[in-house]
Novice: 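Sending over a structure as structure tokens; questions will come in a sec.
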Amino acid sequence: MEAEKLFLLFSLLTLHFSSCTSLDSLKTNQTIKEGNVLISEGNNFALGFFSPGSSSNRYLGIWYHKVPEQTVVWVANRNDPIIGSSGFLFVDQYGNLVLYGNDDRKLPVWSTNVSVEENDTCEAQLLDSGNLILVRKRSRKTVWQSFDYPANILLPGMKLGLDRKLGIDRFLTSWRSADDPGIGDFSLMINPNGSPQMFFNKGTKPINRSPPWPWTSQMGLYKSTFVNDPDEIYFVYTVPDNSFLLRLIVDHPGHVKALTWRQSDGQWKEYWKSPQFQCNYYRHCGAFSTCELATLTEFGCACLPGFEPKYPLEWSTRDGSGGCVRKRLHTSSVCQHGEGFVKVENVALPESSAAVWVDMSKSLADCEVQCKRNCSCSAYAIIAIPGKNYGCLTWYKELVDIRYDRSESHDLYVRVDAYELGTLFLLCNYFIGLSLQILIYKSFPMLVTALECS
């Protein structure tokens, strides 16, 4: 009798322990309710219900499990909060992850909304990368993953960009506030047009952008890679050192930040953020101008060769937003009238949504010929393409958002009229001649004196 009691007690304890033990998977008809969590196999991430900031609304999300300060990296029902504590998540008989706000199951708050083959089932699993996946039991094929539907954070191994085969565009959107994870005003996305660029926007208005593709891979605390092929255009990064946590976030005040966590420090630290400086802001200096990082007492805008301020009065008050216009606009042509190109060195190339890759194997001379043939071509550049030698990129009409940037610099060849070329030639000859005179005078002063006297 005593043995039976002990066995019953042991069974109850085992059952209780099993029900409280966190698993990383959710199978058909199993549920996650308030107080339950999924924890990834290596204890990196947890999935469950949470309330952000001072809000009492409930959301289903994923957060770092080992970080004491709850840091949410993904939210399912961003725009549809659950009121109260009766929400639950489960895998239904059709193989979908479904989130309900209460027990009546009349109207789902959120669903993966995928179709699964008949007589097959799915299970959900939280991976150590922070990715929540839905997998077919038979084929083990992933039919849905949270990494394809980012919130405001890009994690290592998470792609930012376009998958043309799947028809998925992965981009980040800020929270509305610290208390509301709903879709906010700011976004970070890749524009695939022309030569791809990464844009940081407020609504539809660009705030900041990356230089155009191709980008150089970064090595250090993290390694970044950019892929541009017929199937996909995306940016991804990895962190070689497992002792560091790194996340890229679009925050609600309006910045893109990289934040790091190291256990020894016990807090998130800012690794970098953008925009920080005037030249980081899109079109700060307007069309046909360059922006150079300047102090508060200096004006960083300058017109391109062959151009002058469009609004001289505003320019004199250090407002370069109106940009520049071509000199001699109504008296000189840049279309088959002896025009040419002037090299502008070490700049981050102009906004390239409407730029055109002429050829991935053009020489500098060939690229110039191609641009000169088209009167609308305003500039060109020769750019090293990884694994493909050099490519010729051409711009048409306005040139905007050119800035001096040591990390991503190229030479830009800007179209100017014949008069500008002649002026530059005369100036160049003048300075060469002056330098030659000085050199002769220093080397042979007696000869110069004799020539002057003759």
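Quick note: residue numbers are just sequence positions, from 1.
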Novice: Could you tell me whether the side chains of S177 and D180 share a donor-acceptor contact shorter than 3.5 Å?
Specialist: no
Novice: Distance-only, no hydrogens or angles: does the N96 side chain make a donor-acceptor pair with backbone N or O of V98 under 3.5 Å?
Specialist: no
Novice: State whether E351 and R283 are salt-bridged, where the test is any N-O pair (Lys NZ or Arg NE/NH1/NH2 against Asp/Glu carboxylate O) under 4.0 Å.
Specialist: no
Novice: What's the verdict on side chain to side chain donor-acceptor pair (under 3.5 Å) for T317 and D319, showing C-alpha distance, side-chain angles and the deciding distance?
Specialist: CA-CA 6 Å; T317 60; D319 178 4; 5.6 Å; no
Novice: Is it the case that the side chain of H284 and the backbone of Y282 share a donor-acceptor pair, with hydrogens and angles ignored and the cut-off at 3.5 Å?
Specialist: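 Flag not set: sc H284 to bb Y282 has no pair under 3.5 Å.
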Novice: Is there a side-chain contact between L126 and I39 (heavy atoms, below 4.5 Å)?
Specialist: no
Novice: Could you tell me how the ring of Y380 sits relative to the ring of Y413: parallel (under 30°), tilted (30 to 60°) or perpendicular (over 60°)?
Specialist: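 Parallel, since the angle between the ring planes stays under 30°.
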Novice: Centre-to-centre under 6.0 Å for F45 and Y64, is that the case here?
Specialist: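 So the answer is yes for these two rings.
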Novice: Using the rule side-chain contact (heavy atoms from CB on, under 4.5 Å), only one of I32, V109, D80 pairs with L99; which is it?
Specialist: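 Looking at I32, V109, D80, the match for L99 under the side-chain contact (heavy atoms from CB on, under 4.5 Å) is V109.
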Novice: Pairing donors with acceptors under 3.5 angstrom, does anything connect the side chains of S111 and N113?
Specialist: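 There is no such pair between these side chains.
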Novice: How far apart are the C-alpha atoms of C285 and C301, what are their side-chain angles, what is the distance that settles it, and do they pass the disulfide (SG to SG under 2.5 Å) test?
Specialist: CA-CA 6 Å; C285 291; C301 298; 2.0 Å; yes
Novice: Would the distance check show the side chain of N280 and the main-chain N or O of Q276 forming a donor-acceptor pair, the cut-off being under 3.5 Å?
Specialist: yes
Novice: Are any side-chain N or O atoms of T394 and backbone N or O atoms of V356, one a donor and one an acceptor, separated by less than 3.5 Å?
Specialist: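 Side chain of T394 to backbone of V356, a donor-acceptor pair under 3.5 Å: yes, one is there.
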Novice: Under a 3.5 Å distance rule, please check whether Y222 uses its side chain to pair with a backbone N or O of P156 as donor and acceptor.
Specialist: no
Novice: So, D241 and S243: side-chain donor and acceptor under 3.5 Å apart, yes or no?
Specialist: yes
Novice: Could you check if a side-chain atom of F235 sits within less than 4.5 angstrom of a side-chain atom of S224, using non-hydrogen atoms only?
Specialist: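 SC-SC contact between F235 and S224 confirmed.
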Novice: Salt bridge check: are R415 and E368 linked by an N-O gap of less than 4.0 Å?
Specialist: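 Judged by the 4.0 Å cut-off on N to carboxylate O distance, R415 and E368 do not form a salt bridge.
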Novice: I want to check a possible cation-pi pair here: R247 against W268, using under 6.0 Å from ring centre and within 45° of the ring axis as the test.
Specialist: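 Because its charged atom sits under 6.0 Å from the ring centre and within 45° of the axis, R247 does stack over W268.
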Novice: Would you indicate whether the side-chain heavy atoms of H255 and P275 approach each other to under 4.5 Å?
Specialist: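 Side chain of P275 against side chain of H255, heavy atoms only: contact under 4.5 Å found.
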Novice: Quick check: does any side chain N or O of D229 sit under 3.5 Å from a backbone N or O of E232, one acting as donor and the other as acceptor?
Specialist: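 Between the backbone of E232 and the side chain of D229 there is a qualifying donor-acceptor contact (under 3.5 Å).
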Novice: Assess, by modelled atom type and distance only, whether the side chains of S353 and N193 contain a donor and an acceptor separated by less than 3.5 Å.
Specialist: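 There is no such pair between these side chains.
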Novice: For the side chain of K327 and the backbone of V416, is there at least one donor-acceptor N/O pair under 3.5 Å apart?
Specialist: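 Answer holds: no.
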Novice: Using 0.5 Å steps for rounding, measure from the CZ atom of F186 to the CG atom of N208.
Specialist: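 The distance works out to 12.0 Å.
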Novice: Strictly under 6.0 Å, is that where the ring centroids of F88 and Y100 end up?
Specialist: yes
Novice: Quick one: CD1 on I83 to CG on N57, what's the gap to the nearest 0.5 Å?
Specialist: 4.0 Å
Novice: Could you check whether any side-chain N or O of S195 sits under 3.5 Å from a backbone N or O of W213, counting only pairs where one atom can act as donor and the other as acceptor?
Specialist: yes
Novice: Looking at S333 and C335, would you say the former's side chain and the latter's main chain have a donor-acceptor pair under 3.5 Å?
Specialist: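 Yes, because the side chain of S333 sits within donor-acceptor range (under 3.5 Å) of the backbone of C335.
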Novice: Given 3.5 Å as the limit, does a donor-acceptor pair link the side chain of R58 with the main chain of G84, or not?
Specialist: no
Novice: For K159, does the NZ atom sit with more than 12 other heavy atoms under 6.0 Å from it, leaving out its own atoms?
Specialist: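 Yes, the 6.0 Å shell around NZ holds more than 12 heavy atoms from other groups.
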Novice: Quick one: do the D24 and S40 side chains pair a donor with an acceptor below 3.5 Å?
Specialist: no
